[in-house]
Amino acid sequence: MSANDGFRVVENATCTFCGCVCDDMILKVQGDRIVEAKNACVLGKAWFLNHQIESRPVALIEGQPASLDEAVERAAQILVNARYPVVYGLSDTTCEAQRIAVAIADWIGGCVDTTTSVCHGPSGMAFQGVGEVTCSLGEVKNRADLVIFWGCNPAESHPRHMTRYSTMPRGLFVPRGRKDRTVVLVDVRRTKTAPAADIFLQIKPRRDFEALWALRALVKGVEVDPRIEEDTGVSLRQWRDLAERMKSCKFGVLFFGMGLSMTRGKHLNVEAALALARDLNQFTKFYIKPMRGHGNVTGADNVVAWQTGYPFGVNLARGYPRFNPGEYTTADLLARGEADAALIIASDPLANFSQPAREHLLRIPYIALDPKETPTTRHATVAFTTAVYGINVAGTVYRMDDVPIRLRPALPSPYPSDEEVLRRLERRIRQLLGIGTNLHPNPPRNSHVERAFS
Amino acid sequence: MQPTWILIAGRTTRQGTSLNESKFGSEYLDETQTLYMNVEDLAQLGLQPGQLVRLRSVWGAAEVRVQPDKRGELPRGVVFLAYGDASSRLMGADTHGTGMPDSKGIEVVVEPLNIGSPPGAIHERSGAAT
Ligand code: SF4
């Protein structure tokens, strides 16, 4: 951090808006605003430059301002008295906060689930079935000579992915950068990513599985019926050409998006892609990675997996973890009317869940933690305003390639972090349940938060 | 039987930037209530850019405004809507044992409404796309 012309400059700050987690931000800070975000893309700029200290109470109980202690008390009472609570969200907060959220789910015997279940949850299921031939984005940058994007649109959802990691940068074994790479896009829509690709294959909607399975056959030298064109919208000649490119590249990588995981077939689509990448390793080095959306959704998978053994959709009611997507995932728990309370951290299910799920959430008591006002915080029984991870709060996040990155916050916030609120909540829950409160030391008290809100 | 379109919900740059301002702001609401359609499909339905339509899936319905797709992005028969309240209303609750409702590739019908009324999701859960 350095002072410069009345501004403070924060170097090597990290943008947590998307899964690229770019950690080369140079932020100019004036007062409590970030006035410039060098190196940020259009989404990153919107993330940093719209940051402002909200003029909201630190907590609201049924819409009325409350102190932090009052809100923690009410939230703890809701959770310990629930019979089937769910802890949900977690993809836009630090790993440190995620850890405590898992502990809370464990103490109250509820489910813990993350926004992964409604983005790459099916991919998580497919990883268990097939495995993932994985590599870091650093390896892609230095080695990849064939880059395939399938069912994703990095130009709009991960704008620096191509320039920083995958297609443009010069690397050790691709010294001429873009010129040394072939870039392929497979998608239903001719998106903004299409002009960045050498080859664009426009497939019919909901035909990804058929296309991927045909590619597996072609890679193995099995004949494919030319009517594949009727099924997929892409000719056998084009699929054959792609299969040959995949086999003959030196280092290939397939990045896939929710075009596979959110479309009919879901985990089976992803399994087909994973199996294709695995098969290709008989011929060359070939890798596959999902394009992860939220800044720390990858961290959420990692934390929930290292704490419970499973990445999302985990039930802890019996005192040991059980994993069953479709049963313990939040979209289902709510839509079926099963959950009777919820703790929602850094996510907005009232904006993006199905209507039956949203209607049930509105019927049950729930607690929401979010820096901003959202449809979910507006209707929460208890809403906490929290500091923004990466901008106000330090901690660890995982980039989409599972590389952990330490956050360097730019400016303080008068609001507590998610981690601090969750620590207090976890401690109060243990007190109410009579579970060894000496297991953990007292939560660190944040003195400026105490002064401002207690 | 009304013709059906395949709806793809997804991210857009504008949806991403405007949600950083506010999910209650006009830009976010406008972006998440705009349906993009192939120009020939628009002509087939006799729709004008900016016209209000009702989208119906087997699970729900929402009112949005139509616009021609950008740069010829969409093939005929495919429509696009940025993630938001309207796209969520069209999603089914069933996740087929995955936790993930069908959010892309949903069949919808597109019904023209009067020009001039403001967009907004309609509060209806059923209504078959026939
Ligand atoms: S690509 Fe993603 S992480 Fe990088 S600056 Fe843009 S929004 Fe932020």
Side-chain angles (χ1 to χ4, degrees), chain A residues 17-18 42-43 45-47 49-51 113 117-119 121-122 125 151 153 155-157 159 188-192 194 202 204-206 233 258-259 261-264 266-267 293 312-313 324-332 335-336 348 351-359 372-375, chain B residues 5-25 28 32 36 38 59-62 69-75 77-80 82-85 87-107 121 123-126:
Chain A
F17 185 72
C18 87
V42 59
L43 297 176
K45 281 199 165 62
W47 166 249
L49 304 185
N50 281 302
H51 172 73
D113 184 37
S117 65
V118 290
C119 64
M125 294 165 70
N153 180 14
E156 292 206 72
S157 46
V188 172
R189 296 184 294 139
R190 181 181 285 276
T191 60
K192 270 191 188 166
Q202 190 162 22
K204 285 186 178 173
R206 306 187 295 202
M258 295 190 287
S261 62
M262 280 189 171
T263 311
R264 191 176 65 192
K266 295 171 190 161
H267 56 296
F312 62 94
N324 196 8
E327 185 177 7
Y328 306 136
T329 33
T330 312
D332 304 89
R336 284 196 302 261
D348 190 11
N352 53 33
F353 270 21
S354 71
Q355 194 60 11
R358 294 194 284 183
E359 283 168 8
K372 280 194 186 306
E373 187 180 26
T374 67
Chain B
W5 270 259
I6 293 180
L7 171 70
I8 295 183
R11 280 187 200 291
T12 65
T13 305
R14 190 162 168 245
Q15 182 246 14
T17 54
S18 60
L19 73 79
N20 280 301
E21 289 160 29
S22 167
K23 283 191 175 170
F24 304 104
Y28 176 84
T32 54
Y36 293 99
N38 180 290
W59 300 290
D69 63 339
K70 297 170 188 159
R71 309 170 303 274
E73 182 173 310
L74 295 167
V78 176
V79 291
F80 178 84
Y83 291 137
D85 179 69
S87 69
S88 300
R89 284 176 187 276
L90 299 161
M91 252 166 32
D94 190 358
T95 72
H96 311 111
T98 66
M100 172 80 243
D102 285 343
S103 300
K104 296 181 192 277
I106 305 169
E107 288 187 12
H123 296 267
E124 225 176 301
R125 272 180 52 187
S126 59

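Chain identifiers are assigned alphabetically (A, B, ...) following the order of the sequence lines, protein sequences preceding nucleic acid strands; residue numbering begins at 1 within each chain.
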Once you round to the nearest 0.5 Å, how far does NZ of Lys192(A) lie from OG1 of Thr13(B)? 3.5 Å
Would you mind checking which part of Ser354(A) comes under 4.5 Å of any heavy atom in chain B, side chain (CB onward), backbone (N, CA, C, O), both or neither? both
Cut-off 4.5 Å, heavy atoms of chain B, and the answer for Glu327(A) is neither
So how far is it from Asn352(A) CG to Met91(B) CE, rounded to the nearest 0.5 Å? 7.0 Å
Would you compute the distance between atom CG of Asn50(A) and atom CG of Leu19(B) and round it to the nearest 0.5 angstrom? 9.5 Å
Around Arg264(A), counting heavy atoms of other residues, nucleotides and ligands shown, do more than 12 lie under 6.0 Å from its CZ? no
Nearest heavy-atom neighbours spanning Gln202(A) and Pro75(B): NE2-CD, 3.6 Å
Most contact-rich option vs chain A, by heavy-atom pairs under 4.5 angstrom, among Lys104(B), Lys23(B), His96(B), is Lys104(B)
Option in Ser87(B), Gly16(B), Gly10(B), Gly72(B) with maximal non-hydrogen atom pairs under 4.5 Å from chain A: Gly16(B)
NZ (Lys372(A)) and CG (Asn20(B)) are apart, to the nearest 0.5 Å, by 6.5 Å
Structural part of Ala357(A) lying under 4.5 Å from a heavy atom of chain B: neither
Checking Tyr328(A) now: which residues fulfil ring pair (Phe, Tyr, Trp, His ring centres under 6.0 Å) with it, not counting sequence neighbours? none
Heavy-atom cut-off 4.5 Å, strictly under: side chain, backbone, both or neither for Arg358(A) against chain B? side chain
Using modelled atom types only, decide if a donor and an acceptor are shared between the side chain of Arg206(A) and the backbone of Gly105(B) within a distance under 3.5 Å. yes
Quick one, Asp102(B) and Lys266(A) - any side-chain contact, counting heavy atoms below 4.5 Å? yes
Proximal component of Leu90(B), with respect to chain A [non-hydrogen, under 4.5 Å]: neither
OG1 on Thr263(A) to CE on Met100(B), rounded to 0.5 Å: 9.0 Å
Let's test your reading of the structure: which of Thr95(B), Ile106(B), Asp94(B), Thr98(B) forms the most heavy-atom pairs below 4.5 Å with chain A? Thr98(B)
Can you check whether Tyr83(B) reaches Met258(A) side chain to side chain, under 4.5 Å on heavy atoms? yes
With a 4.5 angstrom heavy-atom cut-off, could you sort out which part of Thr330(A) is near chain B: side chain, backbone, both or neither? neither
Contact class of Pro375(A) relative to chain B, heavy atoms under 4.5 angstrom: both
At a heavy-atom separation under 4.5 Å, does Cys18(A) approach chain B through its side chain, its backbone, both, or neither? neither
Measure across Ala351(A) and Ser88(B) and return the closest heavy-atom pair with its distance rounded to 0.1 Å. O-OG, 3.1 Å
Value rounded to 0.5 Å, distance of CG in Asp85(B) from CG in Asp348(A): 10.0 Å
How would you list, by chain and number, every residue that makes a side-chain contact (heavy atoms from CB on, under 4.5 Å) with Thr12(B), sequence neighbours excluded? Glu156(A), Arg14(B), Gln15(B), Glu31(B), Phe80(B), Ala82(B)
